[in-house]
Amino acid sequence: MSEARDRLLRTATELFYAEGIHAVGVDRVIAVAQVTRATLYRHFASKDDLVVAYLTAADEAIRARTAAARAADAAPDDVVRAVGRHIADDLQSQGFRGCAFLNAAAEYPDPAHPVHQAVLRHRQWFLDTVTELLAATGETDPEPAARHFVMLRDGAMAAGCLTDPKPIGETFLLGIEGLLKYRNR
């Protein structure tokens, strides 16, 4: 990745997440990244392409954290807990504004739009991954449990930016413990 492309993507990521995608125009990204319009369009054919790249980078970061949790020599229950802990930690990060994917879906509601499609790809991967992780714990019906996990996560992401995120994260982790404790019942 060129230095200019990296700077554009980092700038767009910060601005889109902090202020909203529609609220930030390409002129602002260009100014803050200190590149020319031609440089932006050499790397990204449109603002939509830049938004998809922003979401792809967020997706890759989550995939990497999940892969690291899976690669650790830990019991399956502890891998599920590690994924949950990453989410709970995110809630308390500086400038937390909720889930980048849910925020993008709210701004791009058309399911055929490339941005919405990027959101759906990430969410399907996350659901599939959590299903696999829960299956590894011995859960005999992991799909509903995984959907429950994802719903807990979505709720924590929404509530975590509206109020004190610490108890929200703690409640989210208790919910995961409940999924692990009451599996197969």
Side-chain angles (χ1 to χ4, degrees), residues 8-25 28-29 44 47-70 79-134 142-180:
L8 278 162
L9 188 53
R10 275 187 287 115
T11 300
T13 296
E14 291 169 10
L15 294 173
F16 292 161
Y17 185 73
E19 298 176 23
I21 298 166
H22 288 314
V24 176
R28 178 105 182 279
V29 174
F44 304 99
K47 180 180 177 183
D48 288 346
D49 287 342
L50 180 59
V51 174
V52 169
Y54 150 64
L55 293 172
T56 299
D59 173 72
E60 289 169 354
I62 293 167
R63 287 177 189 244
R65 285 191 332 198
T66 303
R70 290 177 111 165
V79 174
V80 172
R81 288 182 183 103
V83 170
R85 169 54 48 207
H86 288 306
I87 293 164
D89 290 346
D90 284 347
L91 300 177
Q92 295 184 59
S93 63
Q94 183 70 27
F96 180 74
R97 280 197 64 243
C99 173
F101 298 95
L102 294 176
N103 293 346
E107 291 196 56
Y108 292 85
D110 178 2
H113 194 281
V115 171
H116 198 94
Q117 288 293 307
V119 170
L120 294 177
R121 279 190 303 277
H122 168 74
R123 290 184 62 79
Q124 188 61 57
W125 166 82
F126 190 71
L127 177 62
D128 293 345
T129 299
V130 172
T131 301
E132 292 170 16
L133 294 175
L134 289 169
E143 288 182 39
R147 286 193 305 271
H148 191 159
F149 183 108
V150 172
M151 286 182 8
L152 288 170
R153 178 214 170 271
D154 290 349
M157 287 287 183
C161 64
L162 297 174
T163 186
D164 181 359
K166 187 170 177 25
I168 302 300
E170 291 167 356
T171 301
F172 170 68
L173 294 174
L174 285 173
I176 291 172
E177 286 303 319
L179 285 172
L180 293 171

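Along the sequence shown, residues are numbered consecutively beginning with 1.
The backbone N or O of G98 lies less than 3.5 Å from a partner atom in the side chain of Y17, making a donor-acceptor pair. With hydrogens and angles ignored, the 3.5 Å screen pairs a side-chain donor or acceptor of E107 with a backbone N or O of H22.
Within the structure, salt bridge (charged side-chain N to carboxylate O under 4.0 Å, His left out) pairs that include any residue of residues 116-128 comprise R123-D154 (at least two apart or interchain).
Scanning both residues, V115 and D48, for their nearest heavy atoms gives CG2-O, 4.2 Å. Minimum interatomic distance between I21 and K47 (heavy atoms only, all atoms of both residues): O-NZ, 2.7 Å. Scanning all heavy atoms of the two residues, the minimum distance from L50 to L8 falls at CD1-O, 4.4 Å. A pairwise comparison of heavy atoms in V29 and T11 identifies O-CG2, 3.8 Å as the closest pair. Listed here is the closest heavy atom pair of F101 and D59: CZ-N, 3.5 Å.
You'll find the side chain of T129 stays beyond 4.5 Å of the side chain of V83, heavy atoms only. Contact of the V52 side chain with the Q117 side chain is not registered, since no non-hydrogen atoms from C-beta on lie closer than 4.5 Å. You'll find the side chain of F149 reaches within 4.5 Å of the side chain of I87, heavy atoms only.
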Step by step, would you call R70 with L133 a side-chain contact (heavy atoms from CB on, under 4.5 Å)? CA-CA 9 Å; R70 290 177 111 165; L133 294 175; 3.4 Å; yes

Using salt bridge (charged side-chain N to carboxylate O under 4.0 Å, His left out), reason through D90 and R65 one step at a time and then give a plain yes or no. CA-CA 12 Å; D90 284 347; R65 285 191 332 198; 2.8 Å; yes

Intermediate values then yes/no, side-chain contact (heavy atoms from CB on, under 4.5 Å), R153 and F126: CA-CA 11 Å; R153 178 214 170 271; F126 190 71; 3.6 Å; yes

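Ion pair E19/R97 not flagged as a salt bridge, since none of the NZ, NE, NH1 or NH2 atoms sits closer than 4.0 Å to an Asp/Glu carboxylate oxygen. Ion pairing of E170 with K166 is present here, as a side-chain N (NZ or NE/NH1/NH2) and a carboxylate O approach within less than 4.0 Å.
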